[in-house]
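I'd like to ask some things about the structure below.
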Amino acid sequence: MITKGKSFMIKEMYEKGVSISHIAREWGIDRKTVRKYIHSSLCSRGHQAKRGRKKRISCKKDSLPAMIVIVDINRKQEEESP
């Protein structure tokens with residue numbers, strides 16, 4: 001696991017023009033790992049992106065307000081019918 005400071009230094013070295021191979025040798029990590037931290041938007045905060053399946057609710061996050069409106073309309077119709 002790379003610490004916040006280390007990931008910041010990796011990104012900073014790359015921005016100064018140091019090659020990925022040189023950074024990998026200097027820090028003793030794989031080039032692919034260096035590339036991951038350089039191109040990751042979360043790199044500057046020292047977090048790794050989570051991997052795996054998305055939660056169901058996150059996939060439907062955009063349609064959730066519409067679903068709530070539909071449920072409210074259905075409830076009102078049920079209350080109005082005898």
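Counting begins at 1 with the first residue of the sequence. Values in this document were obtained by computation on a predicted structure and should not be read as measured data.
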> Tell me the side chain to side chain donor-acceptor pair (under 3.5 Å) pairs involving residues 23-33, sequence neighbours left out?
Replying inline: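 Pairs touching residues 23-33 that pass the test: His22-Glu26.
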
> In chain order, what residues pass the salt bridge (charged side-chain N to carboxylate O under 4.0 Å, His left out) check against Glu12, with sequence neighbours excluded?
Replying inline: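 Salt bridge (charged side-chain N to carboxylate O under 4.0 Å, His left out) list for Glu12, sorted by chain: Lys16.
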
> If you measure from CD1 on Ile38 to CD1 on Ile20, what distance do you get to the nearest 0.5 Å?
Replying inline: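 It is 4.5 Å, given to the nearest 0.5 Å.
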
> Should Ile29 and Ile23 be marked as a side chain to side chain contact (heavy atoms under 4.5 Å, CB included) after you check the CA-CA gap, both sets of side-chain angles, and the distance that decides it?
Replying inline: CA-CA 8 Å; Ile29 55 177; Ile23 295 169; 5.7 Å; no

